[in-house]
Number of protein chains: 2
Amino acid sequence: MTTDRRSPRPRLTDVAAVAGVSMKTVSNVMGGYAPVSEATRAKVLAAVDQVRYRPNLSARNLARGRSGVIALTVPRLDLPYFASLAGSVVEAAGEHGWFVLMHQTGGDLDGERRALLGDHPQRLDGMILSTQWLEAEEIAARPDPTPLVVLGDHPVPGPVPHVGIDNHAAGLAAAQHLLATGRRRIALIGAPSPGAEPGRAQGLIDGVRAAGLPVLPELTRPITANTGDAGESATARMLAEVDEVPDALFAVTDWVAMGAIRALHARGLAVPRDVAVMGFDDIPYARSVSPSLTTIAPDREAVARSAVEALEAQVGGVLPGDDAGPAAPDGEHFAPFELVVRESTGTGI
Amino acid sequence: MTTDRRSPRPRLTDVAAVAGVSMKTVSNVMGGYAPVSEATRAKVLAAVDQVRYRPNLSARNLARGRSGVIALTVPRLDLPYFASLAGSVVEAAGEHGWFVLMHQTGGDLDGERRALLGDHPQRLDGMILSTQWLEAEEIAARPDPTPLVVLGDHPVPGPVPHVGIDNHAAGLAAAQHLLATGRRRIALIGAPSPGAEPGRAQGLIDGVRAAGLPVLPELTRPITANTGDAGESATARMLAEVDEVPDALFAVTDWVAMGAIRALHARGLAVPRDVAVMGFDDIPYARSVSPSLTTIAPDREAVARSAVEALEAQVGGVLPGDDAGPAAPDGEHFAPFELVVRESTGTGI
DNA sequence: CTGAAAGCGCTTACAG
DNA sequence: CTGAAAGCGCTTACAG
């Protein structure tokens, strides 16, 4: 029983012949939405099994007038947060019959702009764009009519749906955790940019203020990129310039927190004894570094699912049964998050 | 100047009409390999630009008899090594006209086996399978005729091409580095499995022995998974059982090294003062942890390029000009690597 | 439900 | 090079 590499793949007509039904019936069973009786359905599925039929997606997509491909754009695929998000998007998209074309922006405005203008070499059914720098106006004004969903930390008011977690609420939760463990001088690495919507950094600030405590400007540092290097140098600069060292530090990402810890260690400060440190994202390494990182864990699968659903809503019903047509994009979608407490904010050491 | 979302996309015939040539000529310019005069070529490209034409890949693939899709299987996409490898594969595949369908095995034998048997919901032009556990015999005996390339740390003798770095040579380089910095009692977390081909762990052992030094069995520990947790517990167990602490530790991955450092710290040992630590992979966090990690950096882009080329060689010429036909798979492909020295093996602290 | 057929937008022999 | 046409394997109105 050898398998000939060159043997032609079974087609829909082969299945129809074996099952003794019409092509249309097979097509309906395979994915169309016309009602098929249970008996016929079973007969067709048995025939599919027998000849080992798999639909040719190129033909299906050609006939349906869609490409079957969406693009997913992230800053970099070697950032675990975006990598695992990409994994979840690939899964969620697959359940809607989509392949995912991966793109990387490099993490700067220029790369995001290029992705938005999307000079893709092929036609896309939609795009999911993870952005840190693009403004809502620029997103709204794009010339390309391809259905779009935006992911990222800041809400994007306007016609384009946005999926994210409630960063302000997460920042509040971080503040409450640090305050609950007795910390009072809280530093913030990755300050909110002026004029930005309230995000995780603003949430932290509001949470500290709500407890009647000040947020000292000299403990609040912006960074240019969410990398370990940027976190390390911003923290080192802060430590060099401040009179009294903070007793807690909130970094806007885990990677930034890892850099901050390097700077604290270089100054001879122990974590968490002298300074409690919190990150954000719950990357897989958060539990492996020394000390392990307390962090906020966004529900990546929920983000991915919402994003694909928001895209599907714009594309409109693909199947005959979905006769609702393209729905209006509907703004803001929030996914859940969780506070994960580990050693870096512990009181034990 | 509004863009109608519903306006029909330009087709090949539209380009042909504008350029005043035949469909076939346009097709040849777009990707066929029949010779076209420079003047005609320029006329066609101008027309493509004018009507903003993009080929419909579903139609092209249907006509060419390929799906335009290859599958890439990795343990997990949130492991930065595999994530950045995936990014490189996506790029390299794109240059050959392929989309990449991402799969994750979860990192166990069962997941790899399922990927190998490949019950994919669609037809694939090829598969790139990153494996840690599958044996060469099982890979060679697969029933599925889809062209396959295997990635991973152990060579796979047999008909299926394998791409990787020379792990044994990398292990030798690691040993030489540790010995050159004066270390003599070298521990190994992630021992070679019995009967396995010589890999990075065996390379380290051979390098130490070549210097006339013993490799102590009690300093050589296997682990069940290349995670931080596994590295931490294996290292902790070793430290608890050994009479004299090692002065260096080689971990088979950076993540394992991060766990090992946690265990060393828990025992009050300083890195690198008391114990030098080396990892493997050069994940982005290797430079952000404290202390930053000395490691081996495989050339991921070279791995990705070789893998896609090895796949292309099996699929055979897609374009009319490539009339060589499917080439015989040709075994082992090695990509370069680099030793990156950072703080964790430094002598400065 | 069936059957026969048009159409999706390409590629590619074929005759000129 | 051109022109006219078949074919890739689906989906889907159309008449029954």
Side-chain angles (χ1 to χ4, degrees), chain A residues 6 8-17 19-44 47-48 51-69 97 121-123 125 317-323, chain B residues 6 8-17 19-44 47-48 51-69 97 121-123 125 317-323:
Chain A
R6 297 261 165 236
R9 294 257 189 177
R11 290 155 305 158
L12 206 54
T13 51
D14 302 320
V15 177
V21 300
S22 75
M23 271 176 68
K24 179 157 177 44
T25 302
V26 179
S27 179
N28 282 338
V29 170
M30 291 306 289
Y33 263 28
V36 180
S37 76
E38 254 328 303
T40 311
R41 189 185 172 68
K43 219 165 42 176
V44 169
V48 164
V51 305
R52 320 198 86 235
Y53 173 71
R54 312 258 181 77
N56 179 322
L57 294 190
S58 295
R60 169 179 291 176
N61 287 326
L62 177 60
R64 285 188 177 168
R66 52 185 296 196
S67 67
V69 176
Q122 64 286 314
R123 304 169 189 211
D125 292 340
V318 178
L319 304 173
D322 305 355
D323 45 16
Chain B
R6 297 262 165 234
R9 294 256 191 180
R11 292 155 303 158
L12 207 54
T13 51
D14 301 320
V15 177
V21 301
S22 72
M23 271 177 67
K24 179 156 178 47
T25 303
V26 178
S27 179
N28 282 337
V29 170
M30 292 306 290
Y33 261 27
V36 180
S37 77
E38 252 330 301
T40 312
R41 188 184 173 69
K43 220 166 38 179
V44 169
V48 164
V51 304
R52 317 199 87 232
Y53 172 71
R54 311 255 185 79
N56 179 323
L57 293 191
S58 294
R60 169 179 290 176
N61 287 326
L62 177 60
R64 284 188 178 167
R66 53 187 298 205
S67 67
V69 177
Q122 64 286 314
R123 306 172 187 208
D125 291 341
V318 178
L319 303 172
D322 305 355
D323 45 16

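Small disclaimer: the values here were computed from a predicted structure and weren't measured.
Spacing between atom CG of B/N61 and atom C1' of C/dG9 amounts to 12 Å, rounded to whole angstrom units. For the pair B/R60 CZ and C/dC8 C1', the computed distance is 16 Å after rounding to whole Å. Taking atom CE on A/M30 and atom P on D/dG9, their separation rounds to 15 Å, with Å as the unit. With rounding to whole Å, A/R66 atom CZ is found 14 Å from D/dC10 atom C1'. For the pair B/M23 CE and D/dA4 P, the computed distance is 12 Å after rounding to whole Å. For the pair A/L57 CG and C/dC10 P, the computed distance is 19 Å after rounding to whole Å. A straight line from CG of A/N56 to C1' of D/dC10 spans 7 Å, rounded to a whole angstrom. Rounded to whole Å, atom C1' of C/dG7 lies 17 Å from atom CG of B/L12.
Among the nucleotides C/dG9, C/dA13, C/dG7, the one closest to the side chain of B/K24 is C/dA13. Checked against C/dT11, C/dC10, D/dT11, the side chain of B/R64 finds its nearest nucleotide in C/dT11.
In terms of heavy atoms, B/A16 sits closest to B/V26 at CA-CG2, 3.8 Å. In terms of heavy-atom proximity, A/R41 sits nearest to A/V36 at N-CG1, 3.9 Å. Among all heavy-atom pairs drawn from B/A19 and B/K43, the shortest one is O-CE, 3.5 Å. In terms of heavy-atom proximity, B/D125 sits nearest to B/S67 at OD1-N, 2.9 Å.
Two residues, A/S58 and B/V21, neighbour DNA chain D, and the one matched to the more 5' nucleotide by heavy-atom proximity is B/V21. Heavy-atom nearest nucleotides on DNA chain D were determined for B/S22 and for B/L62, and the one closer to the 5' end corresponds to B/S22.
OP1 or OP2 of D/dT11 has at least one side-chain nitrogen or oxygen of A/S27 nearer than 4.0 Å.
Here the side chains of A/R123 and B/N56 are in contact, with some heavy-atom distance below 4.5 Å.
A/R123 comes within contact range of the sugar-phosphate backbone alone, with a heavy-atom separation under 4.0 Å but no base atom that close. Note on B/T40: only backbone sugar-phosphate atoms sit closer than 4.0 angstrom, heavy atoms only; bases stay farther off.
When both pairing distances are held under 3.5 Å, D/dA13 makes no Watson-Crick or G-U pair with any nucleotide shown.
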